[in-house]
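One structure is given here, and the rest of the page talks about it.
What you see is a predicted model, and the numbers here were worked out from it, not measured in a lab. Letters go in sequence order (proteins before strands), and every chain restarts at 1.
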Number of protein chains: 2
Amino acid sequence: MTRQVQSDDRAAARPLRKRREEIVDAAARVFAERGYHGASTQDIADLLGMRQASLYYYFESKEAALEEVCARGTAGFVETAEAILKNGSSAEERLRALLAAHIKPLGDRADYMLTFLNERKWLPRESRRRVGRLSRRLEAIFERVIREGMRNGEFRADLNPRLTTLALLGMMNSVAIWHHRENVTLDRIADTLADLVLRGAASDA
Amino acid sequence: MTRQVQSDDRAAARPLRKRREEIVDAAARVFAERGYHGASTQDIADLLGMRQASLYYYFESKEAALEEVCARGTAGFVETAEAILKNGSSAEERLRALLAAHIKPLGDRADYMLTFLNERKWLPRESRRRVGRLSRRLEAIFERVIREGMRNGEFRADLNPRLTTLALLGMMNSVAIWHHRENVTLDRIADTLADLVLRGAASDA
DNA sequence: CAACTCTTCTATAGACCTATAGAATATGTG
DNA sequence: CACATATTCTATAGGTCTATAGAAGAGTTG
């Protein structure tokens with residue numbers, strides 16, 4: 001079916017892999033802008049200056065392209081979060097690091113994240129489950145840090161770790177939608193959100 | 001073009017208006033579940049047990065149905081928020097009320113809100129601008145309450161009102177996505193989020 | 001340059017999907 | 001019941017979209 005995998009992958013597979021990269025990039029951008037169902041394979045081809053049918057040399061289907069984009073939209077998140085879980089000292093420090101790590105990729109992979117966030121629901125059953133599991137692992141890490149902070153007295157004991165996690169993730173994911181339009185750096189956004197969540201809006205007095 | 005508006009609207013227009021209601025409801029549900037582009041007019045008709053073409057007796061186009069759903073998804077939000085702005089006593093009280101008012105409609109109009117939040121970007125130019133203006137008015141109200149709280153000392157003076165508003169709205173809107181799956185009442189969610197935003201996660205000590 | 005492989009192209013099948021036209025049915029009224 | 005109007009139906013035009021088949025061009029190697 002696919003001829004991509006060849007015995008010789010020094011001369012042959014390299015350019016193919018690079019071109020594939022460009023195509024996934026284009027797909028991510030188009031999916032992020034118009035949504036999976038609103039985007040046509042023609043749109044992707046237009047962005048690359050190639051013919052619609054030529055895309056099928058690289059991808060089996062439009063759905064397969066979405067899978068690839070979503071996979072890259074989640075790549076590394078859980079691993080980074082798990083590293084933070086191990087390395088941090090205080091719960092506050094860990095929560096700040098988790099937040100920053102979640103927001104940072106918006107700098108160079110916004111299209112992938114946006115596509116993952118908004119379009120993953122259209123993935124076929126199997127891969128939808130796979131990314132669902134990843135999401136749940138990430139949520140679990142946030143919850144764990146929150147519980148840890150509650151236990152050691154850093155955080156209020158009456159927090160609801162589950163709702164706090166969901167609120168945090170909702171807040172952070174919304175950054176993907178609006179950060180373009182606002183004239184602030186992602187670092188500043190991450191700091192501001194962390195301050196808000198940790199210290200609250202009310203004055204300390 | 002449309003025969004809906006007639007001289008006699010006691011006997012004739014009433015049932016029409018009621019049926020129209022049912023159809024908008026079905027459209028909201030289908031749009032919320034599958035997205036505007038992922039949903040077909042056939043899907044809407046199926047939900048109502050009627051023929052696809054019959055929908056066009058009530059709506060000029062699929063787009064017009066989206067406009068109607070989005071209009072209802074925003075109806076009352078700004079008015080309610082403006083009333084809160086007038087009636088509240090403290091900034092904290094007002095912020096809590098704004099938050100509760102934003103979350104409450106998820107109880108009986110989740111499909112409308114979800115469609116508005118996720119699908120408004122596919123609205124035609126004109127109505128997209130209209131709902132855009134509504135959004136901005138709502139954001140302005142949040143910002144105003146935050147600034148007011150900063151001025152009178154209730155809130156920290158180093159808050160960023162704009163980012164805080166966007167974070168808050170992002171957090172609240174995410175509730176539309178996950179509240180179904182969690183076993184908590186909307187009231188409890190509203191309270192928890194308000195506590196988080198006002199007091200923060202850190203212990204008071 | 002001939003043969004081979006890789007990449008892109010043209011052309012199109014076949015499956016939707018929106019929207020329109022006009023017939024049929026249901027509902028209400030004199 | 002006869003007539004009028006409101007609602008839904010059948011049928012389909014016309015457009016778009018994904019995906020396939022097979023030809024053409026580009027690049028490489030003996």
**Message:** Check this for me: does any side-chain nitrogen of one of A:Glu182 and A:Arg188 sit under 4.0 Å from a carboxylate oxygen of the other?
**Reply:** no
**Request:** Using a strict cut-off of less than 4.0 Å between a Lys/Arg side-chain nitrogen and an Asp/Glu carboxylate oxygen, indicate whether B:Glu92 and B:Arg96 qualify as a salt bridge.
**Result:** yes
For [N], does either OP1 or OP2 sit under 4.0 Å from a side-chain N or O belonging to [X]?
X: B:Arg19; N: D:dA6; answer: no
X: A:Tyr57; N: C:dT7; answer: yes
X: B:Tyr58; N: D:dT7; answer: no

**Within 6.0 angstrom of B:Arg144 CZ, more than 12 heavy atoms from elsewhere** = no
**Message:** Counting only heavy atoms from other residues, nucleotides and ligands, does the tally under 6.0 Å from CZ of B:Arg34 exceed 12?
**Reply:** no
**Item:** B:Asp108: salt bridge (charged side-chain N to carboxylate O under 4.0 Å, His left out) partners, not counting sequence neighbours
**Value:** none
**Asked** Who are the salt bridge (charged side-chain N to carboxylate O under 4.0 Å, His left out) partners of B:Glu148, not counting sequence neighbours?
**Response** B:Arg94
Distance, rounded to the nearest Å, where [X] contributes [atom1] and [N] contributes [atom2]:
X: B:Phe59; N: D:dT7; atom1: CZ; atom2: P; answer: 14 Å
X: B:Ile23; N: D:dT7; atom1: CD1; atom2: C1'; answer: 10 Å
X: B:Arg20; N: D:dT8; atom1: CZ; atom2: C1'; answer: 17 Å

**Fill in**
Nucleotide by nucleotide, nucleotides 9-23 of chain C touches protein heavy atoms under 4.0 Å in the pattern (B base, S sugar-phosphate only, - none) BBB-----SBBB---
